[in-house]
Amino acid sequence: MQTNLLYQETNAKSIKMLDEIEHSKLCLWLQDVAENRNKQAFTHLFNFFAPKILRISRTKFSNEALACEVVQETMSNVWRKAHLFNADKGAATTWVYTVMRNVTFDMLRKIKGNKEDTLSEDIWPINEPVANEDESYEDHLAHDNLLKVIDTLPQAQQEVVKGFYLLEMSQEQLAKQLNLPLGTIKSRLRLALAKLKVQLGDYHD
Amino acid sequence: MRVRIFEKKFLSLIRIATDHEGFVIKLSTNKLNTNNVSWGSLVEIIDFNQGEDGILEIDVYCKSLVRINKEFVGQHGLQFSHVESFQHWSQDPQYLKLPLANLTSSLHSTIRDNPLLNSLYQGKKQHKATWVLARWLELLPVSLKVKSSFINHYGCKQAKFFVETIILNKN
């Protein structure tokens, strides 16, 4: 058992060291791709990065095809943009993983966009719904709720809100002002709207 | 009409409006699909002051009603548009003396009893029938679509019948 544990630890370290050793190699390959369009160097890069990128992207996308697409897209970006890599600014791995991250974000964004498109077709009726007849005499500002909330504000703020946004009176205010029951105001509003329609026929905006 | 300027973008509005011909006040609702009113009031700033709470207050006067063409959002989130003025029955002198029975007195008492409205309408023109009708249409709790119909479809007489039905129960 002890031997096994020791062996594992040693193994882990050696992978890390291997990475460090390969760092300069990766830089050379990238340089070779950038300057000479060397396919052999790119193959080395591909063999090194592809499995790593695939492993990471599998955690981001449940779909295997999408994960593979991240690999393909990232590596073709690496091929096209190798000249942008600067060894003085950071490790080759950092650069490639940044390219991968951008590709991943783009794809996630695209998926999100597609999702919205699909959804909107379902929920967006082609013809706008005809306004409900009842709405026109129901209290369309939802004054009941709105005014209650506004009434809880301090006086100065109440005036700010009311002064600009609520020019018109609520049905309750109108009833109180005219000294009539609320039901009477409602039925008069309904009657007035009905008569209006008769006078000129229904109008369409 | 007195308007209180309490948002930063409206300060920018005032700055731009004073360099130009004024600005347009447009009614809107926050309901989806119904906020496209294509008309507004082109107003001129005729006075300004600071309210008791330090908020800038301006008095505006409606020069004319305007048709609003395609709008676009510009600086500071303000909306800009090309507008053209049009004639409306509220400006037609032939209706100035239209007999309104008790509509004038009921409007008068409504404004008088409500300090907010009283300060809002600085220049009260209750001797003008068109002013009284326009204020009633502003105050009545009917949807913006109905209010707009008195701009686009119905004339002064229909407006009078409409307000009378609600306020005076005239059939």
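In the text below, chain A, chain B and the rest are named by the order of the sequence lines, each starting its count at 1. What you see is a predicted model; the values in this text were computed from it and never measured.
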Mind listing the closest non-hydrogen atom pair of [X] and [Y] along with its distance?
X	Y	value
B:T165	A:R188	O-CD, 3.5 Å
B:Y154	A:L196	OH-O, 3.2 Å
A:L189	B:I166	CD2-CD1, 3.5 Å

Atom pair [atom1]/[atom2] of [X] and [Y] - distance to nearest 0.5 Å:
X	Y	atom1	atom2	value
A:L193	B:S143	CG	OG	7.5 Å
B:S106	A:L174	OG	CG	9.5 Å
B:D113	A:Q173	CG	CD	11.5 Å
B:I167	A:L178	CD1	CG	5.0 Å

Mark yes when over 12 heavy atoms from residues, nucleotides or ligands other than [X] sit less than 6.0 Å from its [atom1]; otherwise mark no.
X	atom1	result
A:K176	NZ	no
B:E21	CD	no
B:K124	NZ	yes
B:Y61	OH	no
B:F48	CZ	no
A:E35	CD	yes
A:H83	NE2	yes

Side-chain contact, heavy-atom cut-off 4.5 Å: [X] with [Y]?
X	Y	answer
A:Q177	B:S109	yes
A:M169	B:T110	yes
A:L180	B:N169	no

B:L168, part contacting chain A, at a heavy-atom distance under 4.5 Å = backbone
Side chain from CB out, backbone as N, CA, C, O: work out which of these in B:L137 comes under 4.5 Å of a heavy atom of chain A, or both, or neither.
-> neither
